[in-house]
Novice: 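I'd like to ask some things about the structure below.
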Amino acid sequence: MSKLELSIEVEVLSFEELPEEKQLLIIKAQEAAMQSYSPYSGFSVGAALRLDNGEVIAANNQENAVFPAGLCAERVTLFYAKAKYPNVGIKSMAIAARNSEGFTSRPVTPCGSCRQVMMEMTHRQAMPIELLLYGRDKVYIVPDATSLLPLQFDQDSMQ
Ligand code: THU
């Protein structure tokens with residue numbers, strides 16, 4: 001028997017320690033969270049991504065009385081970016097979330113389905129997507145979103 005050890009790289013910083021460019025992207029994600037439509041969960045999530053052409057695209061989670069019809073902030077933002085700019089790479093994406101008490105103290109981490117979408121988009125663009133996961137107490141920087149989905153299933157898995 002052999003063992004496979006999987007590890008991921010996450011930098012942990014305070015918001016104040018971040019360079020201005022990253023702070024600004026997080027602020028865009030926070031602003032987007034404020035506009036979220038999330039009356040069922042009361043959990044408002046915003047995402048803001050920076051494209052290779054310099055443009056920033058921000059959006060938020062959209063819920064529905066038929067629960068599965070809603071969509072996470074990350075996928076709303078990623079799909080919109082790719083619908084508008086199919087051939088422009090995504091460099092970085094910030095995510096911030098708030099509940100009834102304000103922005104979460106812990107960094108918000110994307111769900112499995114969003115990780116799967118980020119993974120395929122990364123493979124399409126052959127360039128990593130950096131994640132900035134905001135929390136009031138600390139911010140996680142994940143240099144490559146695909147690292148959040150070890151042993152992933154992708155097109156190659158069907159070969
Ligand atoms: N949600 C996101 O938008 N992103 C995440 O990373 C986690 C969860 C949304 C989905 C749903 O609208 C609400 O937060 C509660 O799960």
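All ligand and atom numbering here is 1-based and tracks the order in the structure.
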Novice: Is it true that D154 and S157 share a donor-acceptor pair across their side chains at a distance under 3.5 Å?
Specialist: yes

Novice: Which ligand 1 atoms, with their elements, are less than 4.0 angstrom from a heavy-atom of A73?
Specialist: 2 (C), 3 (O)

Novice: Would you say the side chain of Y140 lies within less than 4.5 Å of the side chain of L131, judging by non-hydrogen atoms?
Specialist: no

Novice: Given side chain to side chain donor-acceptor pair (under 3.5 Å), test T122 with T146 step by step and report yes or no.
Specialist: CA-CA 7 Å; T122 301; T146 64; 5.6 Å; no

Novice: Quick one: nearest non-hydrogen protein atom to atom 8 (C) of ligand 1, plus distance?
Specialist: C72 SG, 4.2 Å

Novice: What is the closest protein heavy atom to atom 9 (C) of ligand 1, and at what distance does it sit?
Specialist: N61 ND2, 3.5 Å

Novice: Students often mix this up, so state it plainly: with edges at 30° and 60°, are the rings of F15 and Y134 parallel, tilted or perpendicular?
Specialist: perpendicular

Novice: For E63, take its heavy atoms, then give the atoms of ligand 1 lying under 4.0 Å from any of them.
Specialist: 11 (C), 12 (O), 13 (C)

Novice: Residue-level breakdown please: for S41 versus ligand 1, do any non-hydrogen atoms fall below 4.0 Å on the side chain, on the backbone, on both, or on neither?
Specialist: side chain

Novice: With salt bridge (charged side-chain N to carboxylate O under 4.0 Å, His left out) as the criterion, how do E55 and R50 come out once you've worked through the C-alpha distance, each side chain's angles and the decisive distance to 0.1 Å?
Specialist: CA-CA 6 Å; E55 191 167 328; R50 194 181 304 282; over 6 Å; no

Novice: Under 4.0 Å from a heavy atom of P110: give me the atoms of ligand 1 that qualify, with their elements.
Specialist: 6 (O)

Novice: Less than 4.0 Å between atom 6 (O) of ligand 1 and some protein heavy atom, yes or no?
Specialist: yes

Novice: To the nearest 0.1 Å, how far is atom 4 (N) of ligand 1 from its closest protein heavy atom, and which atom is that?
Specialist: E74 OE1, 2.8 Å

Novice: Below 4.5 Å, heavy atoms only, C-beta onward: do L49 and L78 meet side chain to side chain?
Specialist: yes

Novice: Which bit of Q62 gets closer than 4.0 Å to ligand 1, counting heavy atoms only: side chain, backbone, both or neither?
Specialist: neither

Novice: Answer yes when K22 and E130 have at least one side-chain N-carboxylate O distance shorter than 4.0 Å, and no when they do not.
Specialist: yes

Novice: With a 4.0 Å heavy-atom cut-off (strictly under), which part of T109 contacts ligand 1: side chain, backbone, both or neither?
Specialist: backbone

